[in-house]
Amino acid sequence: IQIVATSLPAIRDALEISPDRMSWIQTAYLIAEVIAIPLTGFFSRALSLRRLFLIALSLFTLASIGCAFSPDFATLIAFRILQGLAGGCLIPLVFSAVFLMFPVSQQGIATTIGGVLAVLAPTLGPTVGGYITQTYSWPWLFLINVAPGIVAIAIAERLLPRGAGEAGLLKRLDWLGLAALALGLASLEIALKEAPERGWASALILSLLGVVIITGAGFIARSLRREMPIADLGLFRDRNFAIACALSFIFGMGLFGSVYLMPVFLGLVRDYGPLDIGLVMLVTGVAQLASAPLAVYFEQRIDARLLTAGGFVCFAIGLAWSFGQTATTGFEGMFWPQVVRGMAIMFCLLPPTRIALGLLADHQVPDGSALFNLMRNLGGAIGIALIDTVIWKRAPIHAEAIGTRLLEQDEATAAFAGIDINDIPPVGFIPPETLIEGIRPIVENAGLTAAINEAWAMLAVFTVFGLGLTVFVRKSIKSN
């Protein structure tokens with residue numbers, strides 16, 4: 001997703017896609033991914049972890065080739081859906097493998113490696129995507145997956161333990177429940193995409209949310225009654241698992257929300273190009289990598305509850321720190337907030353993963369991993385929708401207030417907007433309307449910055465709420 005995000009204009013121009021359809025390049029992937037994630041547990045039991053992993057890797061690699069050579073919009077969307085279905089299976093399978101294939105003494109290291117790669121991708125994606133687009137061409141955004149995909153298939157085929165699976169489960173697949181799950185999650189993704197622009201109270205959004213409620217209730221009812229449900233929702237009866245999923249949801253809001261907010265600010269306010277945006281955001285990835293060894297060391301020695309609480313405290317501080325951005329903030333002003341957030345990421349991911357999956361029976365781990373990762377993705381989707389709502393509803397209001405204060409020669413407002421107060425003539429010499437029109441781009445950028453700051457504050461508040469949840473986690477120990 002992230003490697004493509006900063007290069008959407010290049011793809012749009014190459015395939016002659018209308019601007020109103022461009023976002024579907026991402027939305028198609030996200031809808032397919034969010035549908036595939038909760039199905040991972042069922043299909044890993046039916047096909048075996050090894051077989052499903054190989055199928056997902058192969059499909060993702062082939063779909064990447066299809067995306068690269070797509071001649072038109074419809075073909076690209078079809079292959080993006082296949083990419084999303086395959087990609088949605090891979091991360092839950094990785095975390096399932098950690099808890100099923102490694103002894104407890106090695107799970108910390110294995111989880112760290114998987115976690116670093118899982119959350120590093122959103123951070124490095126814009127950098128890599130911007131470089132590829134500017135240096136080569138957009139098809140290489142997808143072709144870059146081919147060689148690693150082939151290598152991963154070869155390694156997985158050789159090293160993953162063979163298992164027969166329970167093929168008979170496929171005959172007992174709850175097709176009605178699957179349809180309800182797919183329709184509900186697809187409706188939710190579309191509603192979240194359209195709501196900031198159309199309004200949450202519009203007829204379309206209310207209709208979609210109605211579909212989400214009806215299909216969601218039906219899916220939950222069927223899942224709790226069936227002997228072999230698509231997803232084992234009974235896991236939420238375990239308090240630690242339920243709280244860990246809530247923490248994953250909140251962390252998803254902060255992680256994907258921060259990765260979304262930075263390009264919005266740098267691209268729209270500071271007018272940075274894709275590669276420049278990626279280079280600024282590289283700080284988070286470097287800090288994350290630097291903290292990974294510490295996360296492994298402490299994860300094996302300190303209570304997961306304390307590590308989670310510390311991680312959420314630091315993550316909230318890093319989010320709140322960005323609340324102080326002005327319209328002229330650049331690399332230096334964004335450096336330390338990124339460092340704090342990057343250092344906190346592994347502590348917001350690894351300990352909650354152990355809280356969620358560490359005490360589950362082996363046959364419960366695939367479903368638990370799928371639901372835990374689904375919550376993080378849903379948190380990101382809902383967080384971005386809320387961010388868009390805050391930004392585009394509040395920016396015009398802030399811009400109007402900032403324009404008024406600039407006319408009053410307010411020095412603090414001028415400093416925030418990045419304009420010298422002496423460059424603004426007194427109102428008596430120039431009519432207010434003419435004066436505002438002359439500095440409109442500056443006023444609009446400042447208004448957008450103020451709205452973005454409110455979005456940073458919102459994410460920080462949600463993260464603090466997650467911190468409060470850690471006190472309800474029971475201490476848990478699993479023997480080796």
Side-chain angles (χ1 to χ4, degrees), residues 36-50 52-53 88-115 118 160-161 163 165-166 169 181 219-220 223-224 226-252 295-296 299-300 302-305 307-308 346-379 466 469-470 472-480:
I37 290 175
L39 300 177
T40 305
F42 179 88
F43 284 106
S44 65
R45 292 195 303 272
L47 301 174
S48 80
L49 185 146
R50 178 181 183 275
L52 180 59
F53 196 79
C89 295
L90 290 176
I91 291 181
L93 286 173
V94 168
F95 284 102
S96 293
V98 166
F99 285 88
L100 293 176
M101 295 172 54
F102 293 86
V104 174
S105 60
Q106 296 178 355
Q107 286 176 4
I109 297 175
T111 307
T112 301
I113 294 172
L160 286 182
E166 303 174 51
L169 290 177
L181 174 68
F219 174 74
I220 292 171
S223 297
L224 294 177
R226 293 181 69 89
E227 182 182 353
M228 287 293 176
I230 291 176
D232 186 4
L233 300 184
L235 293 175
F236 285 104
R237 297 190 183 101
D238 180 273
R239 187 171 79 187
N240 276 16
F241 180 79
I243 293 175
C245 284
L247 292 172
S248 182
F249 181 91
I250 293 169
F251 175 57
V296 175
E299 207 267 342
Q300 296 175 338
I302 299 178
D303 192 320
R305 297 172 298 177
L307 288 179
T308 301
M346 298 312 299
F347 296 96
C348 293
L349 176 66
L350 302 187
T353 302
R354 178 167 293 281
I355 291 170
L357 307 180
L359 288 180
L360 297 184
D362 286 354
H363 71 277
Q364 295 176 313
V365 169
D367 277 319
S369 178
L371 293 171
F372 179 74
N373 284 281
L374 174 65
M375 295 304 291
R376 185 171 65 249
N377 281 43
L378 286 179
L469 292 178
T470 60
F472 299 104
V473 177
R474 294 192 305 267
K475 184 176 182 180
S476 58
I477 300 176
K478 186 174 183 177
S479 61
N480 188 344

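No hydrogens, no waters, no symmetry mates; every other heavy atom, side chains included, goes into these values.
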How far apart are the C-alpha atoms of T353 and F99, what are their side-chain angles, what is the distance that settles it, and do they pass the side-chain contact (heavy atoms from CB on, under 4.5 Å) test? CA-CA 10 Å; T353 302; F99 285 88; 3.8 Å; yes
For a quick test of reading the model, state the closest non-hydrogen atom pair linking F95 to S369 and the distance between them. CB-OG, 3.5 Å
From the list D362, N373, V365, L357, side-chain contact (heavy atoms from CB on, under 4.5 Å) with S96 holds only for V365
Kindly write out the residues that satisfy salt bridge (Lys or Arg N to Asp or Glu O under 4.0 Å) with D238, not counting sequence neighbours, or none if the list is empty. R474
What donor-acceptor contacts under 3.5 angstrom involve side-chain atoms of residues 37-44, with partners at least two apart or in another chain?
from : atom 1 : to  : atom 2 : distance (Å)
T40  : OG1    : A36 : O      : 3.2
T40  : OG1    : I37 : O      : 3.0
S44  : OG     : T40 : O      : 3.1
S44  : OG     : G41 : O      : 2.9

Find the distance between CG (L307) and OG1 (T470) and round it off to the nearest 0.5 Å. 11.0 Å
I need the minimum non-hydrogen distance between P351 and T308, along with the two atoms involved. CB-OG1, 3.1 Å
How long is the gap from OG on S223 to CG on L181, to the nearest 0.5 Å? 8.0 Å
Report the residues that fulfil salt bridge (Lys or Arg N to Asp or Glu O under 4.0 Å) with R226, sequence neighbours left out, ordered by chain and then residue number. D174
If you take all heavy atoms of A304 and I355, which pair is closest and at what distance? CB-CG1, 3.9 Å
Heavy-atom closest pair, residues A97 and L49: N-CD1, 4.0 Å
Which atoms form the tightest heavy-atom contact between L349 and R376, and what is the distance? CD1-NH1, 3.7 Å
Just by distance, do the side chain of S248 and the backbone of F372 share a donor-acceptor pair under 3.5 Å? yes
Do I250 and L469 make a side-chain contact, defined as non-hydrogen atoms from C-beta onward lying under 4.5 Å apart? yes
Minimum side-chain heavy-atom gap L233-F219 below 4.5 Å: yes
First locate atom CG of L52, then atom CZ of R45, and finally report the distance between them rounded to the nearest 0.5 Å. 11.5 Å
One should read off an interatomic distance between N240 CG and R305 CZ, to the nearest 0.5 angstrom, of 8.5 Å
Distance-minimising heavy-atom pair for A231 and L371: CB-CD2, 4.3 Å
Atom pair CD (E166) and CE (M228), whose distance is rounded to the nearest 0.5 Å: 6.0 Å
Could you go through the side-chain contact (heavy atoms from CB on, under 4.5 Å) check for L359 and F241 one step at a time? CA-CA 9 Å; L359 288 180; F241 180 79; over 6 Å; no
